Amino acid sequence: MGIEIMNGPSVTGGGERVGGGGGGGGEEMEEGEGSGGSNPSPLGLRDNEYAVLRDVIAQYHTHETPPDHCSSIVVQRVNARVDLVWSVVSRFDKPQTYKHFIRSCTMTGDGGVGSVREVSVVSGLPATTSTERLEVLDPANHAISFRVLGGEHRLRNYHSVTTLNEFTESARTWTVVLESYVVDIPEGNTKEDTCMFADTVVRCNLQSLAQVSEHLQRDRERHGPLPPLPRRR
């Protein structure tokens, strides 16, 4: 609860793109994967996952998309408990922990809603800086949202929402991460090209998130719970 999202039809960017498990992080999700039957669940979700996430998608990830915008949702399974994944995702002041396109980050604010961060991007990308504001930080529902305010990059008026949901089955526990966004289509670009670029960035970030979170999970299983990272003062 506590997150406001625009209502309307969702555009999945020219196809139901899902996060893969490249580099050993997470679990690759195939489109239409389910537990059987002639009507597989969308977004590569299993039937038991979609039964839970249907309402999450409707509440948090359904965006009104004007003609000059595009919207998509990317999905990633992470073989770690939700609290560990959240400990990484919720650090608005340290996105470079798992977003490897970010070289550095400075933040004004206490890390809560309204905080603004300035990020510098690694060389070789069509971007140098981004200014971003934290819109939602909801630990109870494991939901976080930010909006891009400016910077030198292609993703104008980018608005992202990320949710985490934990599942347990046959003594196995995993977290499904959903990340959706709305962004302007730059002049001279198509909706498909814009979504493909943004999806690629999001997918790489979520694969890295899976790797970082699963490393934390292995450390917990070997050594017990780790102390939390120090908060910015």
Side-chain angles (χ1 to χ4, degrees), residues 2-8 10-14 17 19 60-76 86 88-138 142-164 177-209 232:
I3 182 170
E4 295 182 1
I5 254 335
M6 297 171 288
N7 294 320
S10 177
V11 179
T12 57
R17 295 186 172 92
Y60 297 124
H61 300 288
T62 301
H63 304 275
E64 182 179 344
T65 310
D68 58 346
H69 290 62
C70 73
S71 176
S72 183
I73 181 170
V74 181
V75 186
Q76 176 75 48
W86 180 251
V88 179
V89 169
S90 62
R91 290 299 302 269
F92 189 67
D93 60 328
K94 290 189 177 295
Q96 65 270 37
T97 301
Y98 73 97
K99 295 183 176 183
H100 293 163
F101 297 126
I102 295 177
R103 183 173 65 241
S104 63
C105 172
T106 58
M107 186 184 72
T108 56
D110 61 2
V113 171
S115 297
V116 175
R117 67 187 179 194
E118 301 277 349
V119 302
S120 298
V121 181
V122 298
S123 60
L125 293 175
T128 55
T129 63
S130 182
T131 303
E132 303 166 356
R133 181 178 62 212
L134 183 60
E135 301 280 291
V136 171
L137 184 67
D138 186 352
H142 299 111
I144 185 170
S145 173
F146 74 89
R147 184 180 301 275
V148 170
L149 304 179
E152 297 296 325
H153 52 76
R154 292 177 56 185
L155 300 178
R156 299 296 176 190
N157 295 315
Y158 183 89
H159 177 211
S160 169
V161 182
T162 302
T163 57
L164 316 178
V177 183
L178 303 178
E179 182 163 345
S180 63
Y181 64 83
V182 179
V183 67
D184 288 4
I185 301 172
E187 186 176 352
N189 289 82
T190 66
K191 177 178 290 189
E192 289 73 19
D193 288 343
T194 303
C195 271
M196 184 175 297
F197 173 76
D199 277 1
T200 298
V201 174
V202 173
R203 187 181 298 111
C204 288
N205 287 338
L206 294 187
Q207 289 173 359
S208 178
L209 172 64
R232 180 180 182 275

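Because the structure is predicted, anything quoted here is derived from the model rather than measured.
Counting heavy atoms from C-beta outward, Val161 and His63 have side chains that approach closer than 4.5 Å. Side-chain atoms of Leu137 and Ile144, non-hydrogen and from C-beta on, do get closer than 4.5 Å to each other. Within the 4.5 Å cutoff, the side chain of Phe101 has no heavy atoms near those of the Pro95 side chain. Under the 4.5 Å side-chain criterion, counting only non-hydrogen atoms from C-beta, Gln96 is not in contact with Ser104. Annotation: side chain of Pro186 is not in contact with side chain of Arg156 (no heavy-atom distance under 4.5 Å).
Taking each heavy atom of Lys94 and Thr97 in turn, the nearest pair found is O-OG1, 3.0 Å. Closest approach of Lys99 and Phe146 over heavy atoms only: NZ-CE2, 3.8 Å. Minimum interatomic distance between His69 and Asp184 (heavy atoms only, all atoms of both residues): NE2-OD1, 2.7 Å. Across Lys191 and Pro67, no two heavy atoms sit closer than the pair CE-O, 4.5 Å. Nearest heavy-atom pair across Gly111 and Ser115 is N-OG, 2.9 Å. Scanning both residues, Ser145 and Leu134, for their nearest heavy atoms gives O-CD1, 3.4 Å.
In this structure a side-chain-to-backbone donor-acceptor pair under 3.5 Å is missing from Tyr181 to Val74. Although no hydrogens or angles enter the test, the distance criterion places a donor-acceptor pair under 3.5 Å between the side chain of His153 and the main chain of Leu155. With hydrogens and angles disregarded, no donor-acceptor distance shorter than 3.5 Å links the side chain of Ser208 to the backbone of Cys204. Using a distance-only test at 3.5 Å, with no hydrogens or angles considered, no donor-acceptor pair links the side chain of Arg133 to the main chain of Leu149.
Taken from CZ in Phe92 to CE in Met107, the straight-line distance is 7.5 Å, to the nearest 0.5 Å. One distance of note links CD of Gln76 with CG of Asn205; it measures 11.0 Å at 0.5 Å rounding. Here Cys70 contributes atom SG and Met196 contributes atom CE; the two are 11.0 Å apart, rounded to the nearest 0.5 Å. For the atom pair Asn157 CG and Ile185 CD1, the distance stands at 12.5 Å (nearest 0.5 Å). Summarising the geometry, atom CG belonging to Leu209 is positioned 7.5 Å from atom CG belonging to Leu164; distances are rounded to the nearest 0.5 Å. One distance of note links CD of Glu132 with SG of Cys105; it measures 8.0 Å at 0.5 Å rounding.
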**Prompt:** For Leu206 and Val75, what are the C-alpha separation, side-chain angles and deciding distance, and is it a side-chain contact (heavy atoms from CB on, under 4.5 Å)?
**Reply:** CA-CA 8 Å; Leu206 294 187; Val75 186; over 6 Å; no
**Item:** Test log, rule side-chain hydrogen bond (donor to acceptor under 3.5 Å, both in side chains), inputs Thr129 and Glu118
**Value:** CA-CA 7 Å; Thr129 63; Glu118 301 277 349; 5.9 Å; no
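Taking the six-membered ring where the residue is Trp, Trp86 and His142 present perpendicular rings, their angle passing 60° and hence far from 30°.
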